[in-house]
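Each remark here refers to the structure printed beneath this line.
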Amino acid sequence: MTYLDHAATTPILPEAAAALTGALSTFGNASSLHSSGRRARRAVEESREVIAAALGARPSEVVFTSGGTESDNLAVKGIFWARRAQDPARTRVLVSATEHHAVLDAALWLADHAGAEVTLLEVDDFGRVHEDTLRAAIAEDPASVALVSVMWANNEVGTVNPVRELAATCAAHGIPFHTDAVQAIGALPVDFAACGASALTVSGHKVGGPYGVGVLLLGRDVACTPISHGGGQERDVRSGTLDVPAIVALATAVRIATAQRAERAARLAALRDELIREVRVRLSAAVLNGDPGQSGMDGGPSRLPGNAHFSFPGCEGDSLLMLLDAKGIECSTGSACTAGVAQPSHVLLAMGLAPALARGSLRFSLGHTSTVADVRALAEAIGPVVERARSAGLAGLRRAKSPAAAEV
Ligand code: PLP
């Protein structure tokens, strides 16, 4: 099998799996006062320290959650509610047009149910939010902005945003800035204190940790109204008994992913460049989407090192995906969370792609288990697969245009 879908989920690191299974045979509620509880609490607090040190945060800024989706919802809704409670005039939520649905739909839910006014910040052809776009949006009425959320790196096309500049623009107006760094951790240098964000989202299964666990890094002075109420765990921001084994494994994964980041990023970027070359040699019509990856951004690359995203004119992404899958090659037509829905990606549309071209797109994403053999397998398969998907597309088009077909 050739797995080219690490942005959807990446295999758990052996060290994290060992930490998880080791911790599963222990027990204890981290809120209990007896010895078992204190043992569990110690494991949680040590994990908190490891994650904080790896990501340039203070331990008290680490809020454990059930993953990226919950962290995004907590940041967007919680900070909105807290800011509006302080001042009812703060109703505007500014998010980039290319956010993951966990941010986008949380913001749109606030518009439908809580009186928020959502502005989708435009992106350029690479999918990047520019600082002057954000500045202009804030300038319309700075006092009415509740929060801004712009992802660190896009999960579909891999484009990296100028997070420090965006955070600084928000800070100049005292506006909280959240960034979804789910795809950035372990791929780019991420330092919470240095980037100036108020809140930052981390997901376990994207960094070689377990599913169903994540973190919201939340600045000490950032007010956030809880979404769920209960035992008051995690600074009273996120109630619920902590999943100690998952947290211990997450800390192991974050520690290793950040320690090995530079070396792994260089290896994956070289593999990714090879993959792009191979596809282009075989298919001159293939369009590479996103940043070409040459310029630097906040001390790191301008495209995620493991990301290659193409559109194949005349093809349907779903056909390409299934034909590749039949050859043992797994990739994605876009964000895994929206795959299966026959809609062009909102990210590609926001970047200005025509809907038909957007529908014929594939994301190949590399990770810690990727090898040159994976790239070779794709190189051998991609030409015939695109050829077949294109003929199927043309046949479908002919059928749709023929009057006989229209009658049935
Ligand atoms: N944010 C981004 C950028 C993602 O890529 C994903 C997963 O696809 C999420 C959030 C959701 O994270 P989780 O799967 O941990 O809920």
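Read the numbers this way: they start at 1 and go in the same order the structure lists the ligands and their atoms.
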Check whether the side chains of His178 and Thr201 place a donor and an acceptor atom closer than 3.5 Å, and report yes or no.
yes
One finds that the ligand 1 atoms under 4.0 Å from a non-hydrogen atom of Gly67 are 15 (O)
Sequence neighbours excluded, the answer for side-chain hydrogen bond (donor to acceptor under 3.5 Å, both in side chains) partners of Glu274 is Arg277
- Message: When you measure from the heavy atoms of Glu70 to every atom of ligand 1, does any distance fall below 4.0 Å?
- Response: no
Taken in chain and number order and not counting sequence neighbours, the residues that satisfy side chain to side chain contact (heavy atoms under 4.5 Å, CB included) with Glu70 are Thr65, Ser66, Arg238
Atoms of ligand 1 under 4.0 Å from any heavy atom of Asp72, numbered from 1 in the order shown, are 1 (N), 10 (C)
Within 4.0 Å of some non-hydrogen atom of His205, the atoms of ligand 1 are 13 (P), 14 (O), 15 (O)
Restricting to heavy atoms, the pick from Val103, Thr69, Thr98 nearest atom 11 (C) of ligand 1 would be Thr69
Review point. Are the side chain of Thr10 and the backbone N or O of Lys206 linked by a donor-acceptor pair below 3.5 Å?
Key: no
**Message:** Tell me whether the rings of His346 and His101 are parallel (<30°), tilted (30 to 60°) or perpendicular (>60°).
**Reply:** tilted
Gly68 heavy atoms within 4.0 Å reach ligand 1 at atoms 12 (O), 13 (P), 15 (O), 16 (O)
message = Test your reading of the structure: does Met151 have an N or O sitting under 3.5 Å from an N or O of ligand 1?
response = no
Checking heavy atoms under 4.0 Å, the part of Lys206 that sits near ligand 1 is side chain
Answer with yes or no whether the side chains of Thr133 and Glu122 bring together a donor and an acceptor at under 3.5 Å.
-> no
